Structure formats: structure tokens, C-alpha cells
Asks: 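Input: one structure, supplied below.
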Amino acid sequence: MKNQFVAETLYMVADLLDLKGDLFFKTRAYRMAAQTIEALDDDIEKIVRQGTLESISGIGEALAKKITELVQTGKLEYLERLKKEVPPGLIDLLSIPGLGPKKVAALYKNLGISTIQALRDAAGNGKLRSLEGFGEITERNILRGIQLLEKTSGRVLLNVAYEDGNRYLTYLKKNKKIKKIDIAGSLRRMKETIGDIDILALSNDPETVMDHFVQYPEVAEILAKGITKSSVILNDHLQVDLRVVDEKSYGAALQYFTGSKDHNVTLRGFAIKKGFKLNEYGLFEKESEKYIAGKTEEDIYKRIGMAYIEPELRENRGEFDAAKNHTLPTLVTPDAIKGDFHVHSLWSDGSDSIETIATVAEKRRYDFIGITDHSQSLKIANGLSEERIQKKILEIQKIRKKHPELRIFCGTECDIKTDGTLDYSNKILEHFDFVYIAIHTAFKMDKETMTRRIIKGMDNEQVNFLAHPTGRLIGKRDPYEVDIEQIIDAAKQTDTRLEINSFPDRLDLDDVHIKQAKDHNIGFVLGTDSHSINHLDFIRFGIATARRGWLEQKDILNTYSVEDIEKIIGT
Ligand code: DGT
Ligand code: CA
Ligand code: CA
């Protein structure tokens, strides 16, 4: 679906109009439309095809025309024109987390700041605090924002690359000259952010394949076109590299271009010790250069004397020892997942009814779904009062009758207050089938206080799961200060499962912490944190992150039978 891409483009238009100081109602119209499209359950491409854009509230004739252009060509002439009207550096400034168009305009007008470097200097020298609407805190946040941006700069979230990559693959597969094709690189390893997409194809007619590759409608620019390698930039600025190889080298090339680089360097070392030479063309005898293997990755690992290593494990984090000792984990697979524990409904800040969610869950062949709306004090997210909880439970009881095959759990995502007490009393918590706890306020605490706050929450015997344990938003917000070792210990003590939040900008816990917690025998749950039925697909990224954290089926509650889950959560 291109919904997110369309929404982001419209946000960009609104930002640029704001930068120019355009009228408020005009910029607001773009933002409202962007929000609507973001939360839309239907595919925007389908709506454009049907010509029914204008039936969406807030989208008139002019906007419909622009959205149609964007969906059909991948570009928006109006945006390109706007971009030319503002100093180019200002657009970069907009990408700094926490810096909106109003502030960027003020920085430019009053201090002439139009580059990230100039902004960093000014903030570092305390020159921003004198501006109206700025202060020492803003100054510090801007510096943090620049650091965050640099950490992720040029990289996109996994879901963006995943969609781009798979759309491209579907297009490429139409070419009959391609015998085999795979995604390689960090996208095959399902890393949380992706620098560029690497694709590998097998063909005896690379020229034709490369012609087809560069003719993809979403290509904005061709960087290089050769017989073995071509590179393009897509409309959303992501780079895609295609390499075409022959059959004898396909497995070797797939292994090489999947990486990671660290993994490859170590593997090559093992090959050398065995008297081989390993490169992207194959595995060869060192002296005679005789070809040993290269058709498949499995052959290569086997001939080097170890078990096959799944792409998600190829980070040089202990996989070689495990492969040699035959202790590699049997990684959890998507078909083992029987449901999703973390879904918001219309009752709080979700955009779909429980009935709709239940219908979609059944379509996904889930055995259960956990509806987890926010708790009472989270007013901005329409958290539930005790009275509304009772009404919600009544609604769920009705819906259960219509969906006898699906177990609908009535859960909650209950806030941990600053002092570590929970947002509902234990008497209220008893009404829920399970209880997630989470931090949504007062992120800026010192490590000790924050750790104590969370552990106090986990100590409550009604609590089952800890949601997004570190609170990070990739590229936008650092994790809060928290001692993960102590949280892991407390999870063990209190029998609290840690969530792998599967929303692409969270992926929290991350792969490294998951493995650390698994080594302490902690249990996990997967939750998408869906706020729309479109988000249910994000479970895929949670599963991938679990795999990168070495998890097996038994480590994840979502793979258990409903009966066993009920026993464990104590409903
Ligand atoms: P990315 O694109 O930054 O998210 O990460 P990757 O892992 O996709 O890196 P990329 O696209 O630069 O290269 C793809 C793979 O090619 C990489 O994972 C391993 C392999 N590769 C690239 N350069 C080297 C190298 O200098 N040595 C070795 N052994 N492998 C390399
Ligand atoms: Ca790459
Ligand atoms: Ca690459």
C-alpha cells in the first residue's frame, strides 16, 4: 500500500507551506488529509482507481487531483515547485526530530540559519535561547535531535524497505529471463533500519534483465547500469542495487551479499583454515583454485564444516560457535504465531471497532486477539474510565458470540505512573483477561528512578506483560534511561513477560536485548500495538526481530494454544 507514502508527501507539502508562511487553513487541509490517509483501512491505489477519492471527508477536487498524480506517477509537481521556492538547507532542517516548520522559519528569519551545521554551531554556542519560543531546553533537544538524525541518516525503517523491496521483486519476477531472484543485504537479515536494498538474480541474459530493472516505474534516477550490477534511486529516495550472476555462483553471491560484513569476514577466515578460498563466485580449493561449491548457501556452509545459518543470525554474535557445536536455535516462524496481544480499538485511540478487528483477525486465521486500550489517566489517547471499561466488556461479550472460533481477550495497556503505582486499582485490573503495563509519560527520569518505577509496576501480581520496555522510537526518540539487566531480573522474579513491540519505529525490545533476556530464560509476547487494522501486518517485523534475538517457538506466548495462554495469564 502506498498510503504511508502519500501521507508523508502531504505532510511535506504542509511543512513547506508553513515554512513559506502560507495561510493556516491551507496547511491544515494538507495535514488533515495526510492524517486521514494514514489511518485509512483501504488501499489508496484502489480508491484512486475507483475514482472515489472525493468521497473521503476533507478531500476536495484539488487535493484529489494531487493525490491521483502522486499515486499514478510517484511524484507531485506542486511539491517539486515548493521545494524550489525555499532555501534547500531548510528542508534538511525539517527532518530533525522535534523541529517543526514554525521553528525552522524563525531560525532562518532571525538568525539566517539554513544548514544543519550552522544550527549545531548556534545551539552549541547558546545562541538560540534568546529567540522567542526557544529556550535552553529547546536548544538541548535540537542538539539531541541532530545526533539522532545522524545515527539513522540515509537509512529507512525496515517496513519501508520491506514494502519497496517486495514490490520491486514482484515487478522483476514478470521477466521470464530471470530464473531465480532473492533479496539480500540487511533487508534479508531484517535489520531494524536499512541503508539500501540489495537484490540478486540468476539469469543467462543479464542485459535484458538490467533493461527491465531500470524501467521500473518507481525509479527516479539511474545511478549505474552495467551487465553484472546496476543501481537506481526510487522516488522515495531509497537506493536499490541489482546484481545478476550465473547458476554456479548464485549461492555464493547470495551468501556474500546478504552479509553482514562481520559475518562474512569471519566465515572467510574459517574457509581459509580449511584450505579454501571463499568469495562471491564460490568456494574454491586454495592452491588449485578448483571449484568446490557455490550453487547454494547450504552447500557453502556445509563444505566449510558447519550447519546452515539463518540470515537473521548473521551478525557475528555467536552464531559460528553455535553452528559448530550444533546448538543453533530453531527460530520461530510466522506460521507458528496464533494471535496478537496488543491492539487498540475505537474505545481509546485506535481507528477500528472491536468487531472489525475480530473479523480481520479471523481472516488472518488467528486463534486469539488481545484488545488493549489505554488506561484512564492517558487522556490524550482517550484512556478508559472504570465506567467505560464495563461498557467495553459488555460489547466484547456480544462480539464473542458472533466469533465463537476466535478468543477475544479483553486486555489493557495500563500506565505506570511516575511513582511506580499503576493507573488502575487492583480491583479494576481484575476485570481484564490480561494486563500490559507501560510508560507513556515522564520519560526523562534518571536511570535508577526509572528502573525502580518499572520494577514496582512489574511487582504487582495482576501484571502479565511489560509493553515496549525501553520506550525508544527509532530515529525520533532515544530509549529512556533504564537498567535492562535489572528489568530482566525482575521479569524473572515476577514472572512478567517482556514484549517485542512489532510497530516498525519501536521494535522494542531490540534484537540484542532479546538475546540477553533469552539467556536468562525470560518469556516474551509479541504485540503489534496496532491503531488500525492495517497495522496487524506489522507482526512480521516483530517475528523478524525475535528471530534476530535467537528466539524459538517456545519462547513466545503467541505460539501457545489458547488453553495454555489462559492458564498462563490466569483468566
Ligand atoms: P545496509 O545497506 O547499510 O543496511 O547494510 P547491508 O548489510 O545491506 O550492506 P551493503 O548494502 O553495503 O552490502 C550488502 C552486503 O554485501 C553486506 O551485508 C556484505 C556484503 N559486503 C559489502 N561490502 C563488503 C566488504 O567489503 N566485505 C565483505 N566481506 N562483504 C561486503
Ligand atoms: Ca544494503
Ligand atoms: Ca548495497
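Ligands are counted one by one from 1 in listed order, and the atoms in each one are counted from 1 as well. Note that the coordinates shown come from a computational prediction; the quantities given were computed from them, not determined experimentally.
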Asks: State, with a plain yes or no, whether a side-chain heavy atom of Gln255 is found less than 4.5 Å away from one of His263.
Replies: yes
Asks: Going by the atom numbers of ligand 1, which of them fall below 4.0 Å from some non-hydrogen atom of Gly259?
Replies: 17 (C), 18 (O), 19 (C)
Asks: Between Asp182 and Leu200, is there a donor-acceptor pair closer than 3.5 Å when you use the side chain of the first and the backbone of the second?
Replies: no
Asks: Could you tell me whether ligand 1 has any atom less than 4.0 Å away from a heavy atom of Thr258?
Replies: yes
Asks: Could you tell me the residue and atom name of the protein heavy atom closest to atom 1 (P) of ligand 1, and the distance to it rounded to 0.1 Å?
Replies: Ser186 OG, 3.4 Å
Asks: Would you say the side-chain atoms of Thr115 and Asp92 include a donor-acceptor pair closer than 3.5 Å?
Replies: no
Asks: What pair of heavy atoms forms the shortest contact from Ile500 to Ala546, and how long is it?
Replies: CD1-CB, 3.8 Å
Asks: Ignoring hydrogens and geometry, is there a side-chain-to-backbone donor-acceptor pair from His344 to Thr372 under 3.5 Å?
Replies: yes
Asks: Is it the side chain, the backbone, both or neither of Lys191 that has a heavy atom closer than 4.0 Å to ligand 1?
Replies: neither
Asks: Kindly say whether the aromatic ring centers of Phe213 and Tyr168 come within a distance under 6.0 Å.
Replies: yes
Asks: Is there a donor-acceptor contact under 3.5 Å from the side chain of Tyr171 to the main chain of His212?
Replies: yes
Asks: Under 3.0 Å from the Ca ion (ligand 3), how many protein N/O/S atoms can be counted?
Replies: 4
Asks: How far is atom 12 (O) of ligand 1 from the closest protein heavy atom, and which atom is that?
Replies: Asp196 OD1, 4.9 Å
Asks: Any chance CD of Glu247 has more than 12 other-residue heavy atoms, nucleotides or ligands included, within less than 6.0 Å?
Replies: no
Asks: Using a plain distance cutoff, I'd like to know if Arg268 has any nitrogen or oxygen under 3.5 Å from a nitrogen or oxygen of ligand 1.
Replies: yes
Asks: What about Thr193: any of its N or O atoms under 3.5 Å from an N or O on ligand 1?
Replies: no
Asks: Heavy atoms only: which of Lys261, Glu192, His263, Arg314 lies closest to atom 27 (N) of ligand 1?
Replies: Lys261
Asks: Can you find a protein heavy atom closer to atom 18 (O) of ligand 1 than 4.0 Å?
Replies: yes
Asks: Using a strict 4.0 Å threshold on nitrogen-to-oxygen distance, state whether Arg189 and Glu319 make a salt bridge.
Replies: no
Asks: Which residue supplies the protein heavy atom nearest to atom 15 (C) of ligand 1, what is that atom called, and how far is it?
Replies: Phe257 O, 3.2 Å
Asks: Using the ring of each side chain (for Trp, its six-membered ring), is Phe465 parallel, tilted or perpendicular to Tyr436, with breaks at 30° and 60°?
Replies: perpendicular
Asks: Report yes if some heavy atom in the side chain of Met210 is under 4.5 Å from a heavy atom in the side chain of Ile227; otherwise report no.
Replies: no
Asks: Look at the side chain of Thr559 and the backbone N and O of Gln553, then say whether any donor-acceptor pair between them is shorter than 3.5 Å.
Replies: yes
Asks: Right, does atom 9 (O) of ligand 1 have protein non-hydrogen atoms nearer than 4.0 Å?
Replies: no
Asks: Closer than 4.0 Å to some heavy atom of Gly195 - which atoms of ligand 1 meet that?
Replies: 1 (P), 2 (O), 3 (O), 4 (O)
Asks: Does a donor on one side chain sit under 3.5 Å from an acceptor on the other, for Glu38 and Tyr11?
Replies: yes
Asks: Between Ile194 and ligand 1, does any nitrogen or oxygen pair lie at a separation below 3.5 Å?
Replies: no
Asks: Just to confirm my output: which protein heavy-atom neighbour is closest to atom 31 (C) of ligand 1, and how far is it?
Replies: Tyr256 OH, 3.6 Å
